[in-house]
There are 4 protein chains.
Amino acid sequence: MIKAAVTLFKQKGFHRTTTREIAKESGFSIGTLYEYIGSKEDILYLVCDAIYDEVRENLMQRLNHDVEGIESLKSAIAALFKVIDDLQDEVLVMYQESKSLPKEALTYVLQKENGMVAMIEEVIKECVVRGDLHLSEDEVKLGANNILVQAHMWTFRRWVVQNKYSLEEYTDLQTNLILKGLLKN
Amino acid sequence: MIKAAVTLFKQKGFHRTTTREIAKESGFSIGTLYEYIGSKEDILYLVCDAIYDEVRENLMQRLNHDVEGIESLKSAIAALFKVIDDLQDEVLVMYQESKSLPKEALTYVLQKENGMVAMIEEVIKECVVRGDLHLSEDEVKLGANNILVQAHMWTFRRWVVQNKYSLEEYTDLQTNLILKGLLKN
Amino acid sequence: MIKAAVTLFKQKGFHRTTTREIAKESGFSIGTLYEYIGSKEDILYLVCDAIYDEVRENLMQRLNHDVEGIESLKSAIAALFKVIDDLQDEVLVMYQESKSLPKEALTYVLQKENGMVAMIEEVIKECVVRGDLHLSEDEVKLGANNILVQAHMWTFRRWVVQNKYSLEEYTDLQTNLILKGLLKN
Amino acid sequence: MIKAAVTLFKQKGFHRTTTREIAKESGFSIGTLYEYIGSKEDILYLVCDAIYDEVRENLMQRLNHDVEGIESLKSAIAALFKVIDDLQDEVLVMYQESKSLPKEALTYVLQKENGMVAMIEEVIKECVVRGDLHLSEDEVKLGANNILVQAHMWTFRRWVVQNKYSLEEYTDLQTNLILKGLLKN
DNA sequence: GATGAATGAGTCTTCATTCAT
DNA sequence: TATGAATGAAGACTCATTCAT
């Protein structure tokens with residue numbers, strides 16, 4: 001059902017997708033759909049929740065714990081970018097439609113997103129602790145946010161970036177810019 | 001009318017705002033509104049178009065042509081961030097609702113957005129030409145995109161960044177990260 | 001519109017009547033119907049309100065102010081019964097469906113009904129004051145309620161009373177019972 | 001099951017009560033409920049039928065056969081009022097919802113109601129035969145109907161009468177008015 | 001030009017009823 | 001026999017759009 005909703009939300013957006021369409025695409029009747037949900041907004045919430053969990057789970061699996069320091073950060077960035085690429089449609093839907101969530105549900109989803117940022121922060125912090133990076137706490141936090149946004153950017157500016165770069169190129173370029181900045185040396 | 005629409009779209013989103021509400025907020029009758037537009041989507045288009053122009057215009061005014069090289073880039077970033085901060089609501093609306101534009105209109109808006117990126121690119125390129133930065137064309141392009149996205153990020157992740165930083169702090173931190181990267185030395 | 005609703009409510013009851021049917025019967029479109037009302041319950045409220053006013057107005061016109069004492073009470077009863085007979089369908093609808101009103105509206109309608117009872121009370125009281133009747137305040141109040149209920153009874157037990165009596169017979173019999181009671185002597 | 005239905009119908013009315021709710025309140029599953037009934041209307045029929053029988057049975061038990069003449073009528077009125085008071089909720093439900101019965105079932109219920117009236121008639125007739133009352137057949141019939149309606153009135157105008165009188169006061173006042181009428185002497 | 005009453009297709013949601021297990 | 005998941009027809013209500021005045 002969630003898969004069906006993602007498919008439709010991706011194509012037409014949340015508001016333009018009807019509950020009937022979701023039911024049909026799910027293979028349920030409209031009545032059955034409403035056995036499982038209370039309102040259309042619930043579907044959006046379930047969708048966002050499921051997507052977030054899927055992103056997180058996939059990311060967990062890809063994180064390479066065999067490397068350390070800068071290498072572990074690089075590998076985390078690559079893993080994140082790859083996961084977002086794999087779940088492109090889902091992430092885009094979450095990005096574009098989560099604002100339609102009722103306030104409470106939105107808060108909950110944002111908290112999950114914060115958890116995501118925290119994961120990246122951890123990796124950066126480790127590098128700081130090891131002495132590989134010299135960053136203030138603010139810089140760590142903002143850097144983590146930047147990395148996540150650049151991952152999302154692969155989807156929400158896809159008409160620019162995906163037309164121009166392969167995922168590998170994008171990953172390499174961004175990794176470079178993130179780590180070294182524009183100002184080389 | 002556009003102001004009215006922006007106000008309402010910001011509060012409730014495009015789909016949840018009715019044409020009646022827009023008419024009322026504009027001080028027009030619904031009949032008169034439809035003298036100026038052909039469909040509700042037209043309003044969104046006009047809104048996006050107007051916002052883009054306003055952003056561009058404000059940016060132009062703020063760009064400091066008295067400085068050169070890295071300083072001109074820094075000042076351009078600060079100017080951009082300030083403009084986006086000033087037009088926060090508008091930018092957010094454009095960000096969240098432009099996906100609801102009909103294909104053609106969306107393309108048009110995206111082109112304008114590309115123009116925006118091009119402006120930033122120009123500033124970076126100049127630094128490259130002057131030898132202040134050593135960057136490939138791909139890096140220039142992506143860097144420009146990153147800068148714009150980080151400006152927008154000030155609005156679309158405002159619940160994180162605006163809670164944590166003042167605009168000046170945010171600008172300084174981001175400028176630092178953009179220019180020097182995480183890897184300091 | 002109210003006429004249409006009464007007709008339909010009478011035939012099928014409030015709950016079995018659809019807003020579409022009301023719109024159609026009124027000669028409005030469903031959209032236009034909702035220009036005038038906020039919800040289906042509003043229609044019921046308007047209907048009840050209108051019926052009450054019509055009953056009251058008709059009653060006012062029929063009240064004979066040329067007679068006094070017992071005669072004025074008799075004439076009031078006859079007038080009341082006649083009015084209820086004329087507005088039979090309307091009264092029945094109000095009787096059967098007013099319980100579906102939202103609490104607040106119900107309270108309002110009941111107040112109007114109390115006003116009706118008060119009118120009858122006045123007539124009885126006058127007789128008491130004149131010395132034609134010897135009744136406690138409680139008896140006056142309850143008697144007035146009884147008279148109104150017996151008027152309504154002409155509609156809500158019509159399958160019994162209207163099959164057996166003409167309105168005149170019913171009026172005469174009830175007037176007799178009301179005034180003299182079962183116990184004649 | 002019937003108890004459950006009465007409880008719910010009283011709270012929310014027939015139309016606003018769902019079969020699921022009735023099943024739940026009864027402790028049955030919805031499937032099992034439909035083993036016993038054919039449609040939702042059947043429940044209403046069963047409810048009305050059961051209520052009627054209960055009223056009749058209770059009344060039978062209360063009727064005092066030790067008194068005669070006017071006293072037996074007085075005692076019958078008091079018994080009826082007491083029974084209706086005891087079964088207030090049930091009677092009210094029957095009163096308000098029986099109109100939703102399918103035609104045939106309604107006819108059946110009305111016949112049972114007629115049986116009720118006949119019981120009262122019998123008591124009055126006995127007084128007439130004994131010479132305690134001097135009434136035409138029409139007056140007997142209508143008087144019996146009035147008595148039943150005044151009993152019901154204790155429930156359907158409860159917001160007026162139950163606020164103002166205790167059951168004993170109401171019984172005494174009504175008995176007085178019924179027997180002696182407004183016109184005392 | 002300006003108005004706003006009228007339209008009706010389209011939306012979400014409910015709920016009586018069925019039937020495979 | 002008892003269950004409760006599944007059904008889908010039907011209902012209340014919304015809102016973009018039109019057009020007579």
Side-chain angles (χ1 to χ4, degrees), chain A residues 1 8 12 14-24 26-44 100, chain B residues 1 5 8 12 14-24 26-44 100, chain C residues 1 5 8 12-24 26-44 100, chain D residues 1 5 8 12 14-24 26-44 100:
Chain A
M1 197 195 84
L8 291 166
K12 332 174 54 178
F14 173 68
H15 284 103
R16 290 200 215 278
T17 303
T18 68
T19 50
R20 275 189 149 79
E21 287 170 328
I22 297 172
K24 193 168 192 182
S26 318
F28 292 116
S29 70
I30 183 69
T32 303
L33 184 74
Y34 272 88
E35 290 287 320
Y36 294 96
I37 59 153
S39 74
K40 196 185 170 191
E41 279 176 344
D42 281 2
I43 302 177
L44 184 55
S100 297
Chain B
M1 196 195 85
L8 291 167
K12 333 173 54 180
F14 173 67
H15 284 102
R16 291 200 215 279
T17 302
T18 67
T19 50
R20 274 170 143 100
E21 287 170 328
I22 296 171
K24 192 169 191 183
S26 321
F28 292 116
S29 71
I30 184 69
T32 306
L33 185 75
Y34 270 85
E35 292 291 320
Y36 293 94
I37 58 155
S39 75
K40 194 185 172 191
E41 279 173 345
D42 283 1
I43 302 176
L44 184 55
S100 296
Chain C
M1 197 196 86
L8 291 166
K12 333 174 53 178
F14 173 67
H15 283 103
R16 291 200 214 279
T17 303
T18 68
T19 50
R20 275 186 150 83
E21 286 170 329
I22 297 172
K24 194 169 191 181
S26 319
F28 293 117
S29 71
I30 183 69
T32 303
L33 185 74
Y34 272 89
E35 290 287 319
Y36 294 96
I37 59 154
S39 74
K40 196 186 169 190
E41 279 175 344
D42 282 2
I43 302 177
L44 185 54
S100 297
Chain D
M1 196 195 83
L8 292 167
K12 334 173 55 181
F14 173 67
H15 283 103
R16 291 200 215 277
T17 302
T18 67
T19 51
R20 274 172 143 100
E21 286 169 328
I22 297 171
K24 193 169 191 182
S26 321
F28 292 116
S29 72
I30 183 71
T32 305
L33 185 75
Y34 270 85
E35 293 290 319
Y36 293 94
I37 59 154
S39 76
K40 194 187 172 191
E41 280 174 344
D42 283 1
I43 302 176
L44 184 55
S100 296

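Only heavy atoms go into these numbers, but all of them, side chains included; no hydrogens, no water, no symmetry mates. The chains referred to below are lettered A, B, ... by the order of the sequence lines, with proteins before strands, and numbering in each begins at 1.
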Q: Determine whether any donor atom in the side chain of C:Arg20 lies under 3.5 Å from an acceptor atom in the base of E:dG10, or the reverse, and answer yes or no.
A: yes
Rounded to whole Å, the CD-C1' distance (C:Glu21 to F:dG11) equals 10 Å
Note: A:Ile37 and A:Met1 closest approach over all heavy atoms is CG2-CE, 3.9 Å
Comparing nearest nucleotides in DNA chain E, the 5'-proximal residue of the pair B:Thr32, A:Thr19 is B:Thr32
Winner on side-chain proximity to A:Ser29, out of E:dT17, E:dT13, F:dG8, is F:dG8
Rounded to whole Å, the CG-P distance (A:Asp42 to E:dC12) equals 13 Å
A:Ile37 atom CD1 is separated from E:dC12 atom C1', nearest whole Å, by 10 Å
Answer for the Watson-Crick or wobble partner of F:dG8, both distances under 3.5 Å, is E:dC15
| said: Tell me whether the side-chain N/O atoms of C:Tyr34 come closer than 4.0 Å to OP1 or OP2 in F:dT14. | reply: no
Of C:Glu41 and A:Gly31, the one whose closest nucleotide on DNA chain F sits nearer the 5' end is A:Gly31
In whole angstroms, the gap separating C1' of E:dT18 from NZ of D:Lys40 amounts to 17 Å
Practice problem: Begin from the C-alpha positions of C:Leu33 and C:Tyr36 and carry the test side-chain contact (heavy atoms from CB on, under 4.5 Å) through to its verdict. | Solution: CA-CA 6 Å; C:Leu33 185 74; C:Tyr36 294 96; over 6 Å; no
Partner of F:dT21 under the Watson-Crick or G-U wobble criteria, both distances under 3.5 Å, comes out as E:dA2
Applying the 3.5 Å cut-off to both distances, the Watson-Crick or G-U partner of E:dG10 turns out to be F:dC13
Assign each of A:Phe14 and B:Phe28 the nucleotide of DNA chain E bearing its closest heavy atom; nearer the 5' end lies the nucleotide of B:Phe28
Closest of E:dA5, F:dA16, F:dC13 to the C:Ile30 side chain is F:dC13
Heavy-atom nearest nucleotide on DNA chain F taken for A:Tyr36 and for B:Thr18; more 5' hit belongs to A:Tyr36
Rounded to whole Å, CG of A:Leu8 lies from P of E:dT11 at a distance of 13 Å
